[in-house]
Amino acid sequence: MANLIYLLQEYGVLIVFIVVLVEQMGAPIPAYPVLIVSGALAMNGGTPLAGVLAVALTGCVLADMFWFSAGRRYGKRILKVLCRISLSPDYCVSQTEDNFRKWGVKSMIVAKFIPGFNTIAPPMAGAMGTRLPVFLSFSLLGGLLWSLTGILIGVYFNKNIDEVLEIFSTMGGTALAVLGTLLALFVLFKYIERRRFQRAMQTERINVEQLRALLDAGHEPVLVDARSATARQLDPPAPGALPVDGNLASLLDALPRDRHIVVYCSCPNDVTAASIAKQLHQHGYTLARPLHGGLEAYNSAFRAGETVVVGEQIPAAEGPR
C-alpha cells in the first residue's frame, strides 16, 4: 500500500490511466482502490481532482471503444470468446443478452459497477449495431459516474485514508494472504456451482448428423429456438424455428407430441436448450432433445454458403432441407 501511495505521488495521472485502462479491458486488476486513494491524495496536495477524473474517464472510454469496435466487426464471436474466459461461461451470454433486452445501450450507464458485464456490454452494443454517437454518449456517462463515485469516496474519507492505509501497510503479507484465500474460495465456489449446474443440465443430445438423418427419413422434426430476442437479432433463426421468448407455456399448444423436437441455442454447452428440453420432457414431450453445438452447428451443416438476411420472416411451415 505504501508503494501504491508512492507511485501515485510520483506518477499520478499516468498510474491512474494505466490501471483503469487495463481493468476496463478485462484484466482482474482492482482500479477502484486507486481511484479512492487518488481522490484522497488530491485533497492533500496531490494530482488535482479534475486531472484524476479526466484520465480515468479517458481510460474507460478507450477500453469501451476497443470492445465496441471488436463487437461491430466480429459480432457474437467476440462475446463467446469473452464468456469462455469468465467464471460463469454457461450463462454469461444469456445474462448479457437479457440485460440488453431490458435496457439496451442504456445499460452502459451502470455496466462498470457489475463485474464481468463491464467488459461484455461494449462489444454487445457493437454487435447490435448501436450507432457510434449513441454508444459514445452512454459510455461517457457510465465512465463519468463510475470514476466520479470512486474519486468522491476518497475525497469524503480523505482525513481517515492515512489511518486505513497504515492498517493495510502493517498487515502486509497477512492482508495479501487473506485476500488470496478469499479469491481462491470464490473461484472454487464458482467451479462447484458450474459443475452442479452442468450435471443438472445433462440430457441426451442430438447432433447435426442425426438431425440430417431424421430429415432424410421424412420425419420433419420441429425446431425450437431457445435464444433471446436479442440473440435472434444478432443471428437469424433456423428456417421455421419456433421461438420460446421466455414463455414456454404459450408454445406448448403448437408442439406435436408425436414428432421429434430439436431445441437449439447459442450458449456454451447448449445449457439453455438443455433446460428447455428438460422442461418439455416434464410436459410429456419425450422426443425433445437439445441440438449439440447449437445454432452454430446447424448453420455449418445446413447453411454453408447461404446468404441469410437478418430480420427476414420465414414461414413456420418451412424447415431445413
Side-chain angles (χ1 to χ4, degrees), residues 71 74-86 88-98 120 123-124 127 194 197-246 248 251 255 259-281 285-312 314 316 318-321:
Y74 299 106
K76 197 164 184 177
R77 285 178 293 173
I78 193 68
L79 300 177
K80 291 181 179 179
V81 171
L82 291 173
C83 281
R84 284 195 186 102
I85 61 178
S86 74
S88 303
D90 297 313
Y91 38 91
C92 169
V93 173
S94 59
Q95 286 180 338
T96 305
E97 292 169 352
D98 289 341
I120 302 294
M124 172 65 83
R194 185 188 181 198
F197 181 77
Q198 288 180 335
R199 284 196 296 268
M201 290 298 103
Q202 285 182 350
T203 185
E204 181 185 2
R205 284 163 166 72
I206 182 173
N207 57 40
V208 289
E209 289 77 15
Q210 293 170 318
L211 175 57
R212 189 183 295 277
L214 288 176
L215 293 168
D216 292 342
H219 289 292
E220 297 186 0
V222 178
L223 298 179
V224 173
D225 192 328
R227 301 174 302 151
S228 67
T230 302
R232 295 199 301 275
Q233 292 180 41
L234 293 174
D235 289 318
L242 302 176
V244 176
D245 280 332
L248 182 61
L251 184 63
L255 295 177
R259 288 172 61 184
H260 291 274
I261 299 173
V262 178
V263 189
Y264 69 83
C265 63
S266 56
C267 48
N269 302 315
D270 318 310
V271 291
T272 304
S275 176
I276 296 297
K278 289 175 75 70
Q279 293 179 57
L280 289 173
H281 291 167
Y285 295 87
T286 57
L287 296 179
R289 287 181 287 175
L291 178 63
H292 179 66
L295 182 62
E296 184 175 352
Y298 176 90
N299 287 339
S300 297
F302 297 100
R303 285 179 167 176
E306 178 184 348
T307 301
V308 181
V309 180
V310 178
E312 179 182 1
I314 303 172
E318 292 184 9
R321 291 289 182 264

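As a basis for the values below, the full set of heavy atoms in this structure was taken, side chains included, without hydrogen atoms, waters or symmetry mates. All residue numbers refer to positions in the sequence shown, counting from 1.
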Asks: So do Y298 and P239 actually touch side chain to side chain, heavy atoms under 4.5 Å?
Replies: yes
Asks: Could you give the distance from CZ (F302) to CG (L215), rounded to the nearest 0.5 Å?
Replies: 5.0 Å
Asks: With rounding to the nearest 0.5 Å, note down the distance linking CG in D216 to CG in L211.
Replies: 9.5 Å
Asks: Any donor-acceptor pair under 3.5 Å linking the side chain of E296 with the backbone of G293?
Replies: no
Asks: Looking only at atom types and distance, does a side-chain atom of S275 sit under 3.5 Å from a main-chain N or O of V271, one as donor and one as acceptor?
Replies: no
Asks: Would you name the heavy atoms of G294 and D270 that are closest together and state the gap between them?
Replies: N-OD1, 3.4 Å
Asks: Quick one: are L248 and L280 in side-chain contact, heavy atoms under 4.5 Å?
Replies: yes
Asks: Are any of the side-chain heavy atoms of V262 and L223 separated by less than 4.5 Å?
Replies: yes
Asks: Measure across Q210 and R289 and return the closest heavy-atom pair with its distance rounded to 0.1 Å.
Replies: OE1-NH1, 4.5 Å
Asks: Between P290 and A277, which heavy-atom pair has the shortest distance, and what is it?
Replies: CD-CB, 3.6 Å
Asks: When Y285 is tested against each of V224, L255, V263 for side chain to side chain contact (heavy atoms under 4.5 Å, CB included), which residue passes?
Replies: L255
Asks: Check the surroundings of atom NE2 in H260: do more than 12 heavy atoms from other residues, nucleotides or ligands lie under 6.0 Å from it?
Replies: yes
Asks: Search all heavy atoms of V208 against all heavy atoms of A301 and return the closest pair with its distance.
Replies: CB-CB, 3.9 Å
Asks: Under a 4.5 Å cut-off applied to non-hydrogen side-chain atoms, are R227 and D235 in contact?
Replies: yes
Asks: Which atoms form the tightest heavy-atom contact between I276 and V244, and what is the distance?
Replies: CD1-CG1, 4.2 Å
Asks: Check whether any side-chain N or O of Y264 sits under 3.5 Å from a backbone N or O of A238 as a donor-acceptor pair, and report yes or no.
Replies: yes
Asks: Which heavy-atom pair separates A241 from P243 by the least distance, and what is that distance?
Replies: O-CD, 3.6 Å
Asks: Measuring from T286:OG1 to H281:NE2, what's the distance to the nearest 0.5 Å?
Replies: 7.0 Å
